[in-house]
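Below is one structure, written out as structure tokens, with a few remarks after it.
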Amino acid sequence: MSAPDDALPWPVFWRRSTRARRVSLRIDPIERRVIVTCPPSIALKRAKAFLAQHRSWIDEKLAALPDALSLAPGSNLVLNDQSLVLSHAPEQRRPASLDGDRLIIGGPIERFEARAVCFLRQIAGMTLPEQLRRHAASMACTPSSIVCSAARTRWGSCTRTGKIMLNWRLVLMPATVRDYVIIHELAHLIHFDHSQAFWQHVERFHPERREAQNWLRHHARGS
Ligand SMILES: [Zn+2]
């Protein structure tokens with residue numbers, strides 16, 4: 001159940017749930033919208049009134065969300081710890097090139113963001129596996145394979161067969177946070193759970209794992 005709502009100042013996703021006892025709302029930080037869950041018996045009008053009552057809370061929560069990744073001419077980003085500014089050169093034939101601290105994207109402006117993402121994903125594909133292998137060597141474990149993904153909400157994952165997935169967006173995070181995600185997934189090769197033994201193993205290789213987790217909670221879209 002979802003419909004655009006002109007009367008409300010933010011995008012709202014309406015969900016009917018047979019398990020819901022009352023109307024509840026939460027903020028979806030990835031899509032930057034409000035998710036409202038209603039029991040089947042509640043009239044839409046009442047649910048909307050509920051939403052109106054919580055208007056200032058919603059305004060506050062949405063305003064506090066970190067900025068979405070902006071990939072436009074002039075935006076700044078940090079790629080594998082190097083600060084870069086994006087610039088546009090319509091006449092440039094190469095989709096993307098690096099010149100000092102400038103990442104220059106060629107071609108029409110409509111393709112700008114897609115080309116920038118493509119370049120960043122290429123860099124991720126080249127650098128993340130290498131960083132993972134370096135950590136794997138110091139942790140004395142070996143993943144069966146490494147994949148870079150574009151998942152929207154997961155920064156990493158590990159399967160029972162030892163296949164590790166890392167999100168390409170990790171290249172845009174501080175090194176300590178990236179290291180934490182990599183070490184977390186590698187630790188799953190030894191402990192396939194989130195037991196105390198697992199966290200002890202993570203902390204052996206990343207003593208500041210709580211700071212990294214906090215950073216992800218506050219800065220990254222999704223978790
Ligand atoms: Zn885990």
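Start at 1 and go down the list; that is how both ligands and their atoms are numbered.
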**OP:** For the Zn ion (ligand 1), state how many protein N, O or S atoms fall inside a distance shorter than 2.8 Å.
**Re:** 3

Original post:
Mind checking what makes side chain to side chain donor-acceptor pair (under 3.5 Å) contact with H201, not counting sequence neighbours?
Top reply: none

**OP:** Return the orientation label for the H54 and F50 ring planes: parallel under 30°, perpendicular over 60°, tilted otherwise.
**Re:** tilted

Original post:
What's the verdict on side-chain contact (heavy atoms from CB on, under 4.5 Å) for L51 and I58, showing C-alpha distance, side-chain angles and the deciding distance?
Top reply: CA-CA 9 Å; L51 206 54; I58 296 167; 3.7 Å; yes

Subject >> Full working for side-chain contact (heavy atoms from CB on, under 4.5 Å) between L86 and F112 >> reply: CA-CA 10 Å; L86 285 174; F112 188 92; 4.1 Å; yes

**OP:** Just say parallel, tilted or perpendicular for the rings of Y180 and H206, cut-offs at 30° and 60°.
**Re:** perpendicular

Subject >> Nearest heavy atoms of L62 and R33, plus distance in Å >> reply: CD2-N, 4.2 Å

